[in-house]
Colleague: 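Have a look at this one.
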Amino acid sequence: MAEEKTFVPQHMEKAEFLDFLPHKGKMFLLSRVMEYNIENHTITTQYDITEDCIFYEHGLGGIPSWSGFEFMAQSISLLSAIERTINNQDRTRPGVVLSVQKFKSDTPVLRAGTTAQMKVREDYRADNVFRYKCELYENAQAQKPAATTVITVMEMLDIEAFFEQFSK
């Protein structure tokens, strides 16, 4: 008999997924989940940009677009946590960003008072290494991404044991 899956709603506000990510305080850079698909390994998230953002620069009136890679990386982490939750696995598996490649941005600043939207799609998986094509839009109505990148991550069961091997 197949194990019953845990329900995770498609649309969630921040309070509903705070425990899905290890990030806390100003480093928690997602406001909502718009939708996800664990079969296709995709997620669409949003972040409301305010002066409280850790990357906010007063002189710019917003955040530099390069910092959007962290919104995309947290979206990846959230997709992984949602998938593990649905499959009744421990959702708190740590991950490490191995690379951020091909970052391109046509917009230097994401303005305060706007809502950035991230679209993430897994396109490669081997053991515990995953690669994602990521897009960041200045808002949900934008037709063209403001920034794109490819992020490769590695999930670990025991991150302390992994780093301990390098200290010997």
Side-chain angles (χ1 to χ4, degrees), residues 6 8-38 41-58 60 62-101 103 105 109-122 125 128-140 145-163:
T6 299
V8 176
Q10 279 289 315
H11 185 275
M12 293 182 279
E13 293 296 322
K14 181 178 181 176
E16 297 172 272
F17 60 89
L18 269 172
D19 293 336
F20 282 55
L21 296 175
H23 306 82
K24 301 297 177 225
K26 286 188 170 197
M27 267 314 290
F28 196 96
L29 299 172
L30 295 175
S31 300
R32 69 195 54 79
V33 174
M34 301 305 293
E35 63 182 353
Y36 64 86
N37 184 313
I38 63 168
H41 307 286
T42 61
I43 191 167
T44 301
T45 58
Q46 293 182 339
Y47 179 62
D48 301 327
I49 299 170
T50 67
E51 291 184 20
D52 291 335
C53 177
I54 194 165
F55 296 112
Y56 184 81
E57 294 185 23
H58 286 281
L60 295 177
I63 61 171
S65 62
W66 61 260
S67 61
F69 87 88
E70 181 62 30
F71 307 162
M72 294 181 265
Q74 286 189 27
S75 297
I76 291 167
S77 182
L78 183 55
L79 176 61
S80 181
I82 289 170
E83 183 173 351
R84 285 194 306 277
T85 300
I86 288 171
N87 291 319
N88 297 307
Q89 300 168 338
D90 179 17
R91 76 169 73 130
T92 58
R93 185 174 299 164
V96 176
V97 173
L98 297 177
S99 69
V100 177
Q101 299 174 306
F103 183 86
S105 178
V109 177
L110 300 169
R111 301 274 174 217
T114 63
T115 298
Q117 181 162 284
M118 288 63 64
K119 294 184 178 188
V120 170
R121 178 179 53 86
E122 179 188 301
R125 176 183 289 216
N128 62 337
V129 176
F130 307 84
R131 183 179 65 205
Y132 296 86
K133 292 192 175 182
C134 307
E135 299 174 329
L136 182 148
Y137 295 80
E138 289 183 84
N139 59 62
T148 58
T149 193
V150 175
I151 299 176
T152 303
V153 299
M154 180 171 59
E155 290 186 350
M156 298 181 195
L157 292 175
D158 189 345
I159 197 165
E160 290 176 7
F162 175 79
F163 285 112

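Counting from 1, the numbers follow the sequence of the chain as shown.
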Colleague: Report yes or no: does N128 contribute a side-chain atom to a donor-acceptor pair with the main-chain N or O of E155 at less than 3.5 Å?
Modeller: yes
Colleague: Atom CE in M12, atom OG1 in T45: separation rounded to 0.5 Å?
Modeller: 10.5 Å
Colleague: Could you go through the side chain to side chain donor-acceptor pair (under 3.5 Å) check for E35 and Q10 one step at a time?
Modeller: CA-CA 5 Å; E35 63 182 353; Q10 279 289 315; over 6 Å; no
Colleague: Looking at every non-hydrogen atom in both residues, tell me the closest pair between M156 and V96 and how far apart they are.
Modeller: CE-CG2, 3.5 Å
Colleague: Minimum heavy-atom separation for S77 and P22, please, with both atom names.
Modeller: OG-CD, 4.4 Å
Colleague: What's the verdict on side chain to side chain donor-acceptor pair (under 3.5 Å) for T42 and N37, showing C-alpha distance, side-chain angles and the deciding distance?
Modeller: CA-CA 5 Å; T42 61; N37 184 313; 5.2 Å; no
Colleague: Would you compute the distance between atom CD of E16 and atom CZ of R32 and round it to the nearest 0.5 angstrom?
Modeller: 11.0 Å
Colleague: Measure the spacing between OG1 of T148 and CZ of F69 and express it to the nearest 0.5 Å.
Modeller: 14.5 Å
Colleague: Tell me the closest heavy-atom pair linking V120 and C134, and the distance in Å.
Modeller: CG2-SG, 4.1 Å
Colleague: Nearest 0.5 Å, what's the CG-CG distance between L30 and L78?
Modeller: 6.0 Å
Colleague: Contact between F17 and T85 at the side-chain level, heavy atoms closer than 4.5 Å - yes or no?
Modeller: no
Colleague: Check whether any side-chain heavy atom of T44 sits under 4.5 Å from a side-chain heavy atom of Q117, and report yes or no.
Modeller: yes
Colleague: For the side chain of R84 and the backbone of D90, is there at least one donor-acceptor N/O pair under 3.5 Å apart?
Modeller: yes
Colleague: Atom CZ of F28 and atom CZ of F20: how far apart are they, to the nearest 0.5 Å?
Modeller: 10.0 Å
Colleague: Mark yes or no for whether T115, through its side chain, and Y47, through its backbone, hold a donor-acceptor pair below 3.5 Å.
Modeller: no
Colleague: Please report the shortest heavy-atom distance between I151 and A73, naming the atom on each side.
Modeller: CD1-N, 4.0 Å
Colleague: Is there a side-chain contact between H11 and M34, using heavy atoms and a 4.5 Å cut-off?
Modeller: yes
Colleague: Do F130 and I76 have side chains that get closer than 4.5 Å, going by heavy atoms?
Modeller: no
Colleague: Return the orientation label for the W66 and F55 ring planes: parallel under 30°, perpendicular over 60°, tilted otherwise.
Modeller: perpendicular
Colleague: Indicate yes or no: at least one non-hydrogen side-chain atom of T114 is less than 4.5 angstrom from one of E138.
Modeller: no
Colleague: Give, for atom OG of S75 and atom CG of L21, the distance between the pair rounded to the nearest 0.5 Å.
Modeller: 8.5 Å
Colleague: Mind running side-chain contact (heavy atoms from CB on, under 4.5 Å) on H23 and E70 for me, showing each step along the way?
Modeller: CA-CA 11 Å; H23 306 82; E70 181 62 30; 3.7 Å; yes
Colleague: I'd like to know if the side chain of Q74 reaches the main chain of L29, judged simply by a donor and an acceptor atom lying under 3.5 Å from each other, with no hydrogens or angles considered.
Modeller: yes
Colleague: Taking side chain as C-beta onward, heavy atoms only, is T152 less than 4.5 Å from L98?
Modeller: yes
Colleague: Would a distance-only check, ignoring hydrogens and angles, find a side-chain to backbone donor-acceptor pair under 3.5 Å from S31 to D48?
Modeller: yes
